[in-house]
Each structure stands twice: as structure tokens, then as C-alpha cells.
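Input: a single structure, listed below in C-alpha cells.
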There are 2 protein chains.
Amino acid sequence: MRYKTVIVDDHPIVISGIAGLLSDLDNIEIVEKFESGVALLDYIEEHTVDLILMDIFLPVINGVDLCKTIKQKYPKLIIIGMSSQSERSLVMQFIQNGGNGYVLKNASFGEFKECINRAIAGEIVFSEEVKMIISQPLSEDLERIPSLSRRERDIALLLSQGKSTQEIADDLFLSFLTVQTHRRNILQKYKMKNVAELIAFLLKNNLLN
Amino acid sequence: MRYKTVIVDDHPIVISGIAGLLSDLDNIEIVEKFESGVALLDYIEEHTVDLILMDIFLPVINGVDLCKTIKQKYPKLIIIGMSSQSERSLVMQFIQNGGNGYVLKNASFGEFKECINRAIAGEIVFSEEVKMIISQPLSEDLERIPSLSRRERDIALLLSQGKSTQEIADDLFLSFLTVQTHRRNILQKYKMKNVAELIAFLLKNNLLN
DNA sequence: TTTCTTTTACCTGTTTTCAGGTAAAAAAGC
DNA sequence: GCTTTTTTACCTGAAAACAGGTAAAAGAAA
């Protein structure tokens, strides 16, 4: 059997690279290539797909959410995530959403191919560097990342722009004390010591904007 | 004449993609591929190279500094920068360091090829999205981004981990006052209001780690 | 309707940051 | 050797963040 495979990446160059790599594997048949998740969602509604290789950082819908959406409808579809650099929490979330594997783009060709073959065989696969990342379990990472509420995100965004509590209160027409409460709640939610650590965390986990 | 071309990117997949793309161009001859800048520096010492396509976010030396180093020794060498996403300031700095063009990896194949051909012809080239980015001149971006010194980077990194001035002083065996001075210097260097804004700026511009 | 989450707001006190100085030894660059 | 940058260090006072509470109104979800 040949696995009908789709590649999703917003970089044509990367698509071409993967396609070239996969041409060696005779159990893989590349049926389509997309630069965004929405195009993919439309496609799988009307076509049979067995395997998806997707970038995690995509324009409109990110890969983690995209994976969840697809897996809810097509649980048997095999999805492998890819990214340039990654955080433990991101990989875990992807797997939690049903992903069958995660490969860093700096993986060697050999690693890539092996991961794909083993994923097809039913395993959950990771490239070497991803294994390194996930083998250092930090207790905080084990918990699912809660999301920011709308107001919290507004405030976090202004904090990342260097605004003080008072300035944010003025910008959003809120009481100084309200903003103070929100800020503290955000810090507590992610167990962060201060705003600097928070901003670093939010940016690395793409929770901002 | 065939241009002896080198590709530098830490993602094998991307190298493969570009190589495939360039195989269409018969005035380009790919002589070598590297995953890091240091390997490239060694190579060009002993071989003739006419054109370099380099990723900006590279492990040890970043592409902007790498470009500067190479151009100082080999001003005629044509260097085209590439990255996945980019900031105006980063592109400007690359060009200021002698880069002959800048292309986003989400550029179409046609754009890629055209950029390369025009760069060879002596032009400074940008892919469409890069043109968009640089055509919105923000005054702050017009100034060159200074880089962090080693000590400053150490301290900025610890700041991004939520450490306080005292904790950093303890970690690095420095006086509290010394760390305070460094932190202030960093803030002044980038004209940032506070550490939160600083961390956001550093992460977005990949000046950290 | 009841429950949970979100958004709003207040009070107090301690710790830390931020902004303004200055300056000398060490290292790096030319 | 000379110059510039980096690293080290100190002083002070105002501003802001942080940590600990509490709590009510509004909105969403069950």
C-alpha cells in the first residue's frame, strides 16, 4: 500500500525539500502540498489522506490546533509535526492533540525517513533533538498550558510593550488596581516570578498575539 | 560562466529544497552545502566561491555577523540572506553588513529564482514580503541594532528566566551593583522602558541565546 | 437556575526596579 | 602603544512591581 501523503508548510522551499526526500520512499505518494492549514482542511473533506507532514508555525491556524481539529474527525490519519526550534510544552501539546510524531527540521535525512516509516507502523516518533527536549521533564511542563483570557492577553501584550500598570490602566480605561489584579493572576496562572519571565514564556509558547 | 554557489542552513530539508530549486538554473553550480557558519568560513579560505545563500538564524554565528565577516575579506562575493520570518531592522542590518539581498523562505520559487538572477547581475534584491516590510520605515528601526556583549547576554538570559538582580549577582558571583549597571546599560542601549519590553525585543530579534 | 469563569475593584506592606550620577581596572581592537 | 569597549563597582531617591489578602458584578456554560 502507498500512503497518500500531504505536506503543509508555508515555505515552498521546505515543501520542495521534503518532497525530494520522500521521493526515495516507495510506500509514500505525495498527493498534495499546501501552504496553509485552511487549504488542507478543505482538501481532506473531499479526498483520502493517510499521512500529513505539517509545520507547527503556520499563518492562520497553528499546527497544534490544526492537528486537534483534524484528529477529531479523522483519528486514523497519521500526523507528524515539524518545526525549526521547539519547546517541550509545544511538543507535548501537539502529541496530546493526537499528533503521531514530532520532528525538528534540523534532523538528518536518515532521521526524517526513519521517523516517517515508524509513524506509519503505528509508533509515536520523535527526532533526536526532540527526544532530548522531552526527556527533561520539568514538572511545570507536565501540566497542560492554560490559555489567557481576552483581557489577560490584552494586558500581557501591553506589558510586552514596556507599559507600566498605570499606563495600561489608562490605555484600557480601567482602574490601576484592576490591572494589578489581572497581572498578578497571569503570573500565578503560569507560576512566573515576574513579568520578564512571563513575557519570555508567552513568546516562546506563542501565546501572545 | 557558472557561479560557484554555497548553501548554508541548519535544516537539511531546506538545503535540499534550495538545491532542487537551483538545479533549474544553469548558471548556478552548487559546490558545497553547510549547516553552520564556521564550516563555511573554513571552506571559503581555500576554495573559490561566487555566491552564498545563507540562513540568518544559524547556531553558532548568526547570519548577520557571518555576512559582515565574509564581506570584509571578500567584498565581491554575493551573499543572499534567508529567514522564515523577519523584522525590518534585521534585514537592514544584513544589507548594512554587505548583504546583496534578502529573501523570505515563504517566497515562491519564481521569486527565489528571480532574486538570485538579479543579485548576480549586481542588484540588491528582496522578495515580495521583505519589500513590504522595509517599505514601512519606523524611526526606531532605522538605527542599527547594537549587539549585546557576552556579559550583557548572560544577564539578559537570566532576566528572561525571571531572576532578580540579586539572584543574578549570586549566580554570576558579581556585586549586586554591577548587575544593576549592566541591566541599565542594556536598557539604555536598546532604549527600552523596562525588562519586560527588553525581553520581548530580544526574543523577537533573536538576540538572546 | 446554578455554577464557574471572567472582569472589575480595593487595601497594605515589602521588595525590586528604574533613573540619575561616577569611575577604575581589564580586555579587545587598531 | 594607544584607544575603545567591556566589565567591574558604588551611591541615592523615586517609582513600580510583587505578594498577601478580599469581593462583587457580569458573562458564559452546564
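Below, chain A is the first sequence line, B the second, and so on; all start at residue 1. Values below: all heavy atoms of this structure, side chains included; hydrogens, waters and symmetry mates excluded. Nothing here was measured: the structure is a model prediction, and the numbers come from that model.
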Parallel, tilted or perpendicular for F94(B) and Y102(B), by the 30°/60° rule?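 F94(B) vs Y102(B) ring planes: perpendicular.
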
Could you work out, with salt bridge (Lys or Arg N to Asp or Glu O under 4.0 Å) as the rule, every residue matching [X], not counting sequence neighbours?
{"X": "K163(B)", "answer": "D171(B)"}
{"X": "R184(A)", "answer": "none"}
{"X": "K113(B)", "answer": "D24(B)"}
{"X": "E128(B)", "answer": "K131(B)"}

With 3.5 Å as the limit, what N/O pairs link the protein to nucleotides 25-30 of chain C?
none

Can you measure [X] atom [atom1] to [N] atom [atom2] for me and round it to whole angstrom units?
{"X": "L187(B)", "N": "dT17(C)", "atom1": "CG", "atom2": "P", "value": "11 Å"}
{"X": "L159(A)", "N": "dT17(C)", "atom1": "CG", "atom2": "P", "value": "16 Å"}
{"X": "E167(B)", "N": "dT17(C)", "atom1": "CD", "atom2": "C1'", "value": "14 Å"}
{"X": "H182(A)", "N": "dT6(C)", "atom1": "NE2", "atom2": "C1'", "value": "8 Å"}
{"X": "F173(A)", "N": "dT7(C)", "atom1": "CZ", "atom2": "P", "value": "18 Å"}
{"X": "R153(A)", "N": "dT6(C)", "atom1": "CZ", "atom2": "C1'", "value": "13 Å"}

Taking any atom under 4.0 angstrom from a heavy atom of chain A, which nucleotides of DNA chain D are the first and last to qualify, 5' to 3'? dA16(D) to dG21(D)

Could you give all pairs that pass the side chain to side chain donor-acceptor pair (under 3.5 Å) test and reach residues 40-58 of chain A, with sequence neighbours left out? E45(A)-K73(A), D55(A)-K105(A)

Please name all residues satisfying side chain to side chain contact (heavy atoms under 4.5 Å, CB included) with T5(A), sequence neighbours left out, ordered by chain then number. Y3(A), L22(A), I28(A), L51(A)

Mind checking what makes side chain to side chain contact (heavy atoms under 4.5 Å, CB included) contact with R2(B), not counting sequence neighbours?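 By the side chain to side chain contact (heavy atoms under 4.5 Å, CB included) rule, R2(B) matches E29(B).
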
When you compare the protein's N or O atoms with those of nucleotides 11-16 of chain C, which come within less than 3.5 Å of each other, and at what distance?
none

Minimum-distance pair of heavy atoms, taken over all atoms of [X] and [Y]:
{"X": "A107(A)", "Y": "S127(A)", "answer": "CB-CB, 4.0 Å"}
{"X": "D9(B)", "Y": "I15(B)", "answer": "O-CD1, 3.3 Å"}
{"X": "G37(A)", "Y": "L58(A)", "answer": "N-CD1, 4.5 Å"}
{"X": "L104(B)", "Y": "S84(B)", "answer": "CD2-O, 4.0 Å"}

Tell me what S175(B) touches on the nucleic acid: a base, only sugar-phosphate, or nothing, going by heavy atoms under 4.0 Å.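 Counting heavy atoms under 4.0 Å across all strands, the contact made by S175(B) is with sugar-phosphate only.
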
Sequence neighbours excluded, which residues qualify as ring pair (Phe, Tyr, Trp, His ring centres under 6.0 Å) partners of F112(B)? none

Find which nucleotide of DNA chain D each of Q188(A) and L172(B) is nearest to by heavy atoms, and output the residue with the more 5' nucleotide.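 In this pair, the answer is L172(B).
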
What is the bend of the helix from dT1(C)-dA30(D) to dC30(C)-dG1(D) when you compare the axis at one end with the axis at the other, using five pairs each and rounding to 10°? 80°

